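Below you will find the structure I want to go over with you.
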Amino acid sequence: MIKKAVIPAAGLGTSFLPATKAQPKEMLPIIDIPTIQYVVQECVDSGIEDILIITGKGKRSIEDHFDRNLELEERIREREDEFWYNELRHIDSMANIHFVRQKEPNGLGDALYQARFHCGNEAFAVLLGDSINDSNIPITQQMIDAYEQYRHTIIAVQQVPDNRVNRYGIVGGRFLSERIMQVSEMVEKPQVGKSPSNWAVAGRYILTPEIFPAIEQVAKTAPQEVQLTDALRLLLPTDGVIAMKIDGQRYDIGTKLDYLKTTVEFALKRKEFAEPFAQFLRERLAQYESSK
Ligand code: G1P
């Protein structure tokens, strides 16, 4: 049974400057919900309520977001706005959230290493904040189900266009079934044309405690840029690593253009915005096309 999740949120957010100069990337909203709240919701929807968020310098607003804000609650109560009062209380009680800080920005592997005491001897889920998902069964739940079956490290993957492999961790191996691959190769951001495949690591993992000594090994040779993919590669010969094709829609929010697309997609999914927003887009696009 997977009971714990780790959400690394310590990155500097350099791909989102200047918005991330003084606020965490994870607090950038898709419409009105900070991206990290979607990620926490995915854990909760997958039955995980014990969540460790790895933060770092300048990330305090993430802690505030999941804490109570008594002054705001009082104001909203005075206005008898029950809807928003309940919403606020939902956010601070949705899960049991802990925080630990990564003291130096030494890469994703090093960030995860900060979770070693929290996770102890149990397998745990890892959710990166650079994607959010929409699927009938939450992606993390799909991963947990795969772990129950295989009892090995599970990595979520999806196919990306050949010219985008250099933006992801890439796995190679042999498909055991339509959605399951036995991984035999892993490489972080390979050059286009030199990739083992176009199956990209999709930001969700089930890891076992064996990952921590592997991270230590990687840190010996690359202390300032400890890649999780490199640590996972060390597990390939001994531990068996399974890649699972995700069943659902993944929204990348790691770059500005992807973020913009995701915002539009989510606006079109929201009942109160869908019609007026679609109307606006139609008119605006017609104008745009005719002015070219
Ligand atoms: C990280 C991982 C990479 C993965 C990607 C997308 O890269 O290192 O393996 O494919 O997330 O989830 P980053 O986007 O942080 O550079």
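Being a predicted model, the structure only gives us computed values, none of them experimental. Counting starts at 1 for both ligands and their atoms, in listed order.
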* Donor-acceptor contact present, side-chain Arg116 to main-chain Pro213, <3.5 Å ->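 Absent.
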* Asked: What protein heavy atom is closest to atom 1 (C) of ligand 1, reported as residue, atom name and distance in Å?
  ->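 Closest protein heavy atom to atom 1 (C) of ligand 1: Leu128 CD1, 3.8 Å.
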* So, Tyr38 side chain and Ile30 main chain: donor-acceptor pair closer than 3.5 Å or not? ->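 Yes, the answer is positive, given that a donor and an acceptor are paired below the 3.5 Å cut-off.
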* Asked: Would you call Lys292 and Glu289 a salt bridge, using N to O less than 4.0 angstrom?
  ->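 A salt bridge is present here (some side-chain N lies under 4.0 Å from a carboxylate O).
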* Per-atom contacts of ligand 1 with Gly169, taking only distances under 4.0 Å to non-hydrogen atoms ->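 Per the distance check, 3 (C), 4 (C), 9 (O), 10 (O).
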* **Test applied, ring-ring contact (aromatic ring centres under 6.0 Å, His included); reference residue, Phe124; option that passes from Tyr205, Phe212, Tyr147** =>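 Among Tyr205, Phe212, Tyr147, the one meeting ring-ring contact (aromatic ring centres under 6.0 Å, His included) with Phe124 is Phe212.
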* Heavy atoms only: which of Gln227, Glu188, Arg167, Gln158 is nearest to atom 9 (O) of ligand 1? ->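 Among Gln227, Glu188, Arg167, Gln158, the closest heavy atom to atom 9 (O) of ligand 1 comes from Glu188.
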* Quick one: does Lys59's side chain have a donor or acceptor within less than 3.5 Å of a partner on Gly11's backbone? ->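 Checking the backbone N and O of Gly11 against the side chain of Lys59, a donor-acceptor pair under 3.5 Å is found.
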* Asked: Nearest protein heavy-atom contact for atom 4 (C) of ligand 1: which residue, which atom, what distance?
  ->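 Here the closest protein heavy atom is Val201 O, 3.6 Å.
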* Asked: In terms of residue, atom name and distance, what is the protein heavy atom nearest to atom 7 (O) of ligand 1?
  ->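 I find the closest protein heavy atom is Lys189 NZ, 3.4 Å.
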* Going by the atom numbers of ligand 1, which of them fall below 4.0 Å from some non-hydrogen atom of Thr229? ->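 In order of numbering, the contacting atoms are 9 (O).
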* Basic-acidic side-chain contact under 4.0 Å: Arg167, Asp258 ->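 Between Asp258 and Arg167 there is a salt bridge, with a charged N closer than 4.0 Å to a carboxylate O.
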* Which ligand 1 atoms does Arg250 reach within 4.0 Å, using its non-hydrogen atoms? ->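 Counting from 1, the qualifying ligand atoms are 6 (C), 12 (O).
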* Salt-bridged, Lys103 to Asp110, with N to O below 4.0 Å? ->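 Result for this pair is no, no salt bridge flagged.
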* To do: List the closest protein heavy-atom neighbour of atom 14 (O) of ligand 1: residue, atom name, distance to the nearest 0.1 Å.
  =>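 Answer for atom 14 (O) of ligand 1: Asp130 OD2, 3.3 Å.
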* Check ligand 1 against Gly203 and write out every atom of the ligand that is under 4.0 Å from a heavy-atom position of the residue. =>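 In order of numbering, the contacting atoms are 12 (O).
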* For ligand 1, which part of Met186 has a heavy atom less than 4.0 Å away: the side chain, the backbone, both, or neither? ->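 The answer is neither; Met186 stays 4.0 Å or more away.
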